[in-house]
Amino acid sequence: MEFKNHSLIELRELLSSGKATQEEIYQYFLDRAKQYNEELHAFNTLPVPYTHPEQNVTPPNLPFSGEGLGLPIAVKDLFCEAWIRTTASSKMLEDFVPPYESTVTSRMKSAGFVSFGKTNMDEYAMGGSGENSAFWPARNPWDPTR
């Protein structure tokens, strides 16, 4: 099943009705991200199977409850997540792995959403075009030349 054109509300309805599982949705978006990220540079960090022993977060392959029902949410690379590389799209923070969680991601996870990678952005969020990342410019998925 294709999930790319569904809103979060529609995906939640698919989960609630049993027409899709959390794992199917998560894997679908992970496969797409891996397929297109080299061309689009949408993510600085994609999910990895390794979980740090101090990370107190339920892994994505377990059932989730709450409003989010385990739906994957991309996180701007500005918000710290415990034991997940957070760069703010800056070479200065290229290897920074915080031991703490931001309020934004903590609330997101408490509501039942699953973190799904860190999105590319202008360095330190100083801009709005995505062209000024220290790693590579983000590309428009409808026209990668832009």
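Since the structure is predicted, the reported quantities are computational estimates derived from the model, not experimental observations.
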*asked:* Surrounding CZ of R32 (heavy atoms of other residues, nucleotides or ligands, distance under 6.0 Å), is the total greater than 12?
replied: yes

*Identify the heavy atoms of S16 and L69 that sit nearest to each other, and give their distance.*
OG-CD1, 3.6 Å

*asked:* Going by side chain to side chain contact (heavy atoms under 4.5 Å, CB included), name the residues that satisfy it together with M126, two or more places apart in sequence or in a different chain.
replied: Y124

*Exercise: do S106 and E101 side chains pair donor with acceptor under 3.5 Å*: no

*Run the salt-bridge test on E81 and K109 with the 4.0 Å N-O cut-off and return the result as yes or no.*
yes

*When Y26 is tested against each of F116, F113, F3 for ring-ring contact (aromatic ring centres under 6.0 Å, His included), which residue passes?*
F116

_For C80 versus P98, what's the shortest heavy-atom pair and its separation?_
CB-CG, 3.8 Å

*asked:* Looking at G68, is its backbone amide N or carbonyl O close enough to the side chain of R12 to form a donor-acceptor pair, meaning the two atoms are under 3.5 Å apart?
replied: no

*With distance as the sole test, does E24 use its side chain to make a donor-acceptor pair with the main-chain N or O of T21 at under 3.5 Å?*
yes

*Can you measure from CD (E123) to OG (S133) and round to the nearest 0.5 angstrom?*
7.5 Å

*asked:* Looking at every heavy atom in both V114 and G70, which two are closest together, and how far apart are they?
replied: CG2-O, 3.4 Å

*With R146, which residues qualify under salt bridge (charged side-chain N to carboxylate O under 4.0 Å, His left out), at least two apart?*
D143

*For the hydrophobic clusters of this structure (ILVMFWY residues joined by side-chain heavy atoms under 4.5 Å, transitively), does one cluster hold both F79 and M121?*
no

_Among residues at least two apart in sequence or on other chains, which ones pass side chain to side chain contact (heavy atoms under 4.5 Å, CB included) with E13?_
I9

*asked:* Can you see whether D31 engages Q35 through a side-chain donor-acceptor pair at a distance of less than 3.5 angstrom?
replied: no

_Least distance between heavy atoms, P144 atom then E39 atom_ = CG-OE2, 3.2 Å

*Starting at CD1 of I73, measure out to OG1 of T119 and round the result to the nearest 0.5 Å.*
11.5 Å

*Between the main-chain N or O of S7 and the side-chain N or O of E10, is there a donor-acceptor pair closer than 3.5 Å?*
yes

*Could you list all the ring pair (Phe, Tyr, Trp, His ring centres under 6.0 Å) pairs where at least one residue sits in residues 125-146, not counting sequence neighbours?*
H41-W136

*Mind checking whether L46 and L93 sit in one hydrophobic cluster, side chains of I, L, V, M, F, W, Y counted as touching below 4.5 Å?*
no

*asked:* Which heavy atom of P141 sits nearest to which heavy atom of L40, and what is that distance?
replied: CA-CD2, 3.8 Å

*Please answer: with hydrophobic residues joined when any side-chain heavy atoms are less than 4.5 Å apart, are L15 and Y28 in the same cluster?*
yes

*Connected via hydrophobic side-chain network under 4.5 Å: M1 and F29*: yes

*Does one side chain, of K118 or T87, offer a donor that lies under 3.5 Å from an acceptor on the other?*
no

_Donor-acceptor pair between T105 and S102 side chains, under 3.5 angstrom_ = yes

*Do N44 and S89 have a side chain donor and acceptor closer than 3.5 Å?*
yes

*Spatial distance of atom CD (Q27) from atom CD (Q22) [nearest 0.5 Å]*: 13.5 Å

*Could you tell me which residues satisfy salt bridge (charged side-chain N to carboxylate O under 4.0 Å, His left out) with K34, sequence neighbours excluded, listed by chain and number?*
none

*Non-neighbouring partners of E2 that pass salt bridge (charged side-chain N to carboxylate O under 4.0 Å, His left out), sequence neighbours left out*: K4

_Approximate separation, where rounding is to 0.5 Å, of I84 CD1 and F96 CZ_ = 12.5 Å

*Does any N or O in the side chain of N37 come within less than 3.5 Å of the main-chain N or O of F43, such that one atom is a donor and the other an acceptor?*
yes

*Closest heavy-atom pair and its distance - P137, N120*: C-ND2, 4.0 Å

*Calculate, to the nearest 0.5 Å, the distance between atoms CG and CD1 belonging to L14 and I25 respectively.*
6.0 Å

*First locate atom CG of D122, then atom CG of D77, and finally report the distance between them rounded to the nearest 0.5 Å.*
12.0 Å

